[in-house]
Protein chains: 2
Amino acid sequence: MNGEAEFLAGYDATAYPAVAVTVDVVALTIRDGRLCVLLVERAEHPFAGHRALPGGFVRADEGPDAAARRELAEETGLTPGEGQLERVHLEQLKTYGDPGRDPRLRVFSVAYLAFAPSLPDPSAGGDAAGAYWMPVDEAAALAFDHDVILSDGLERARAKLEYTPLATAFAGDEFTISELRAIYAAVWGEDLHAGNFHRKVLSVPGFVEGTGQTSTRGGERGGPKPKLYRAGDARLLHPALLRPTREDGVR
Amino acid sequence: MNGEAEFLAGYDATAYPAVAVTVDVVALTIRDGRLCVLLVERAEHPFAGHRALPGGFVRADEGPDAAARRELAEETGLTPGEGQLERVHLEQLKTYGDPGRDPRLRVFSVAYLAFAPSLPDPSAGGDAAGAYWMPVDEAAALAFDHDVILSDGLERARAKLEYTPLATAFAGDEFTISELRAIYAAVWGEDLHAGNFHRKVLSVPGFVEGTGQTSTRGGERGGPKPKLYRAGDARLLHPALLRPTREDGVR
DNA sequence: TTAATAGTGTCTTTCAGACAATATTAT
DNA sequence: ATAATATTGTCTGAAAGACACTATTAA
């Protein structure tokens with residue numbers, strides 16, 4: 001059968017149950033050295049009082065990418081055009097559409113993954129009274145299937161840090177190698193050897209480029225003033241930075 | 001604003017334009033040493049006479065995964081329960097939902113990627129008179145945005161072969177190292193060094209396991225009888241088999 | 001001074017890739 | 001016999017990881 005073709009040729013919108021399409025965003029940032037996710041507090045049933053990923057309906061005149069960026073802007077209080085929101089890395093994660101995942105009607109949710117540099121508390125901007133950043137290891141019992149979505153997003157984020165330079169999306173314009181290492185440590189949940197990490201990062205072509213500048217201060221507990229770097233022009237890391245303690249082969 | 005929550009609380013199905021959700025499948029197989037994709041011939045407008053990826057509407061009682069497997073079964077003539085269809089690897093690829101991608105109504109398509117061992121011609125089974133396997137390098141000018149979906153699917157497939165043992169999903173139950181190498185060559189579009197590939201495959205834990213058997217015949221143009229292997233229990237290849245001529249870093 | 005950090009050097013092991021060599025089989 | 005293939009061996013260079021070392025700075 002010519003599935004889609006045949007179906008749509010005879011499609012009558014009123015003959016089928018209503019379907020809604022939303023976007024949900026797994027927005028990650030680093031705060032105080034911990035990996036945090038943006039959550040909202042639900043006011044309405046179902047799951048009233050539960051935490052959930054920020055999200056909303058895809059409007060008729062926008063694609064899902066635009067909807068995700070709009071939702072992220074609404075929840076974080078960032079406004080388009082100032083460069084901040086544009087610097088947030090946003091990519092599609094996966095679509096969740098099992099029957100019953102929303103008790104009210106059939107909802108397909110296109111989930112997105114966002115990497116943001118440290119942002120002000122979302123309650124400051126917008127009307128998101130119940131929005132905040134929460135460490136990912138404390139984020140549980142989320143509404144709907146958002147626990148699964150968050151888990152999938154974290155795994156994707158951890159994998160992406162291996163073979164892309166996206167860790168720099170968590171940092172400011174200029175950063176030190178130590179700050180970059182802290183990002184990897186927060187996302188992967190394990191410490192990395194400082195010396196080997198330093199040499200490795202500088203050896204990957206296009207990962208970072210030096211600014212020629214040096215930080216005005218050393219570390220909080222001593223140490224020399226580190227050099228400053230900015231993101232390079234590589235889109236893939238080669239060779240990749242592989243996670244350490246991944247059990248071989250995953251049988 | 002509590003995006004999804006607020007919206008859905010006040011959701012009235014008749015107050016919003018109709019939205020449809022379909023699945024489209026990029027089903028890949030190897031035929032005569034070439035990577036091929038399953039296509040259908042469209043009979044109806046729009047894009048009548050054009051080729052398209054097989055797909056169809058997600059029914060009310062099934063999730064998108066089940067819908068994709070059902071569509072694949074309908075187009076290939078494979079029937080569930082015989083093991084053949086179950087051995088096809090199927091994974092979600094990406095969702096496409098830009099306004100205007102279907103000229104009739106708003107359609108979100110959840111695309112899937114399938115790896116199948118060599119299958120009979122689809123015209124034999126089912127009622128898919130206009131369905132066939134076509135080499136991917138000849139598949140162009142597809143309906144809707146299916147060129148983009150196919151391109152995304154091919155890139156995903158090429159990447160997956162690097163760090164997963166999914167190449168074995170293109171092979172039969174038992175295969176030789178040469179056959180496995182031919183699969184890599186077909187998907188990546190470049191020849192691989194026989195000696196190095198052989199040693200590499202056997203050195204990755206859990207990639208393949210020997211059957212103790214030997215092929216009954218050597219190659220068509222001579223050579224010793226090769227040993228037979230089956231898929232091992234690894235779900236990730238470590239270390240990975242990286243593609244050769246990828247330009248460093250991709251700036 | 002003390003302790004912590006930045007950055008570099010060294011060594012070992014693993015692995016990728018080039019290349020060679022040998023044995024086996026279809027034609 | 002000839003040519004193609006399967007399989008193993010050898011060598012070189014890249015790269016990961018463990019560890020050590022020096023220089024610099026905050027407290």
Side-chain angles (χ1 to χ4, degrees), chain A residues 33 161-163 174-185 188 190-229 236-249, chain B residues 33 161-163 174-185 188 190-205 207-208 210-229 236-249:
Chain A
L161 257 56
E162 290 192 311
Y163 57 93
E174 299 190 342
F175 51 84
T176 68
I177 303 293
S178 281
E179 287 166 355
L180 190 60
R181 177 163 48 86
I183 290 169
Y184 273 90
W188 284 350
E190 44 191 329
D191 288 331
L192 301 173
H193 186 285
N196 289 340
F197 181 86
H198 196 105
R199 181 163 22 79
K200 171 75 183 179
V201 166
L202 296 185
S203 78
V204 176
F207 191 0
V208 300
E209 61 183 22
T211 64
Q213 304 294 314
T214 294
S215 172
T216 56
R217 247 186 77 84
E220 291 187 8
R221 295 184 289 282
K225 296 170 182 165
K227 295 178 187 167
L228 289 174
Y229 297 85
L236 291 174
L237 301 185
H238 187 71
L241 276 102
L242 299 181
R243 275 173 281 184
T245 54
R246 36 161 28 169
E247 329 73 84
D248 268 12
Chain B
L161 256 56
E162 291 192 310
Y163 57 93
E174 300 191 340
F175 49 85
T176 68
I177 302 292
S178 281
E179 287 166 355
L180 190 60
R181 177 164 48 86
I183 290 169
Y184 273 90
W188 285 349
E190 43 193 329
D191 289 330
L192 301 172
H193 186 284
N196 289 340
F197 181 86
H198 195 106
R199 181 164 21 80
K200 171 77 182 179
V201 166
L202 295 185
S203 78
V204 176
F207 191 2
V208 299
T211 63
Q213 304 296 312
T214 293
S215 172
T216 56
R217 246 186 76 84
E220 293 188 6
R221 294 184 289 281
K225 297 172 185 166
K227 295 177 187 168
L228 289 173
Y229 298 84
L236 290 175
L237 301 185
H238 187 70
L241 277 101
L242 299 181
R243 275 173 279 184
T245 56
R246 38 160 26 169
E247 331 73 82
D248 268 13

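Below, all heavy atoms of this structure are taken into account, side chains as well, without hydrogens, waters or symmetry copies. Within every chain, numbering begins at 1; the chains are lettered A, B, ... in the order of the sequence lines, protein sequences first and strands thereafter.
Straight-line distance from the CG atom of A:L202 to the P atom of C:dG9: 12 Å, rounded to whole Å. Note: CG (A:D191) to P (D:dG17) measures 15 Å, nearest angstrom. Look at CZ on A:F197: it is 16 Å from C1' on C:dT8, rounded to the nearest Å. A:L180 has its CG atom 12 Å from the P atom of C:dG7, to the nearest Å. Put simply, OH on A:Y184 is 13 Å from P on D:dG17, counting in whole angstrom units. With rounding to whole Å, A:L228 atom CG is found 13 Å from C:dA6 atom C1'. Atom NE2 of B:H238 is separated from atom P of C:dC15 by 7 Å (rounded to the nearest Å). Distance B:L242 CG to D:dA15 P: 11 Å, rounded to the nearest Å.
Within 6.0 Å of the CG atom in A:D191, the count of heavy atoms belonging to other residues, nucleotides or ligands does not exceed 12.
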Report task. Determine, step by step, whether A:F197 and A:Y184 satisfy the ring-ring contact (aromatic ring centres under 6.0 Å, His included) criterion, reporting the C-alpha distance in whole Å, the side-chain angles of both residues, the deciding distance to 0.1 Å, and the verdict. Result -> CA-CA 10 Å; A:F197 181 86; A:Y184 273 90; 5.5 Å; yes
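No donor-acceptor pair closer than 3.5 Å links the side chain of A:T176 to the backbone N or O of A:K227.
Using a 4.5 Å cut-off on side-chain heavy atoms (C-beta onward), B:L161 and B:L241 make no contact. Counting only heavy atoms from C-beta outward, the side chains of B:I177 and B:Y229 approach each other to under 4.5 Å. Between A:P205 and A:H238, every side-chain heavy-atom pair lies at or beyond the 4.5 Å cut-off.
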Requested in this report: Sugar-phosphate atoms are those with a prime plus P, OP1 and OP2; base atoms are the rest. Using that split, label each nucleotide of nucleotides 19-27 of chain D B, S or - for protein heavy atoms under 4.0 Å, 5' to 3'.
Outcome: B----BBSS
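Each of D:dT7, C:dT5, C:dG7 was ranked by its minimum atom distance to the side chain of A:S178; first place goes to C:dT5.
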